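In what follows, a single structure is set out as structure tokens and then discussed.
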Amino acid sequence: MNLIELYIGEVTRRLPEKNREDIALELRSTIEDMLPEDYTLHDVKEVLAKLGNPAILASGYKERPMHLIGPRFYDLYIDLLKLILPIAVLVSLIAVVITSIFTADGGATITETITAIVGNAISASVNAAIQVFFWLTIVFAIIERADHSTSHTPLTSKYQEWTPDDLKETIHIPKEKRSPNIKLQEV
Amino acid sequence: MDNSLFNSLSTELRRGTLTLAVLSQLQTPQYGYSLVQLLESSGISMEQSTLYPLLRRLEKQELVTSSWDTTENRPRKYYVLSDYGTEIFGMLKEEWEKTSRELYILLKGAETNESD
């Protein structure tokens, strides 16, 4: 198959169905415009090199973002992750301890029981962390793609753009409490 | 000197002006490659992988309209400014002139400060 068709195929297979035909037609006529009258394989290669990597060309045509979670939602995503992750791990740990107590095998030694609980606790908390990370990431990736507003400014945790009033909501930690080890010398 | 940093900064500097450059050349209908040649003849080099998607985007934003010309030996897609596009182009042009005047004064000022 000839290189030009292969190149066009490489670009269009990355594009949404409805645009493919039109872009393919335009691309073909552009490539022919760039080629001299009686062109050789060498000429074709030169022209395709000028157009560059088909993946990059295709990404220019695409309207969807090329990142999973962009700057608009990243802060919110990280904040939620930090909030939910410890809670989920804690809840799963409590669940493991409670079920272990109620299903404890009378014949097992204390060491055996403790080892079992620790093992279960580790696997349950890793599991919970992975689940939270996975689902939160999926949800944000979908939001990123569903959000059609033209603004790119990051959102605050209230899902609104920042105003000076948000400063009132930040948790203020007094300086003395923040660093108890470092005492400023009184003058 | 770090050349890659300079390159990325200068690309960034030029990126915003590309739309204006393209709009300015679409007062008469142009097809993809004729536009490339027009821009190149004025010394503006633009990646073709940037230009073609840009034309589509401008069309989607209703700044330009397009039509297929199938009368010649190969079909060509022509782009031309819409009424809305002409209006926006006029505004952008004024904005650019204002910005470049301001920047000129700033840079001129920096030069005289240096020589002090």
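Each chain gets a letter, A, B and so on, in the order the sequences are listed, and its residues count up from 1. It should be emphasised that the depicted structure is a prediction, and the values quoted were computed from it without experimental measurement.
- Below 30°, between 30° and 60°, or above 60°: for Tyr77(A) and Phe133(A) the angle between ring planes is between 30° and 60°, a tilted geometry.
- Counting non-hydrogen atoms of other residues, nucleotides and ligands closer than 6.0 Å to CH2 of Trp135(A) gives a total of 12 or fewer.
- At a 4.5 Å heavy-atom cutoff, the contact between Arg74(B) and chain A is made by side-chain atoms alone.
- Note on Ile31(A), Val11(A), Asn19(A), Asp22(A): by heavy-atom pairs under 4.5 Å with chain B, the leading option is Asp22(A).
- Atom CD of Glu47(B) has 12 or fewer heavy atoms from other residues, nucleotides or ligands within 6.0 Å.
- Atom OH of Tyr74(A) has 12 or fewer neighbouring heavy atoms from other residues, nucleotides or ligands inside a 6.0 Å radius.
- Of the listed residues (Lys62(A), Glu32(A), Lys50(A)), the one with the most heavy-atom contacts under 4.5 Å to chain B is Glu32(A).
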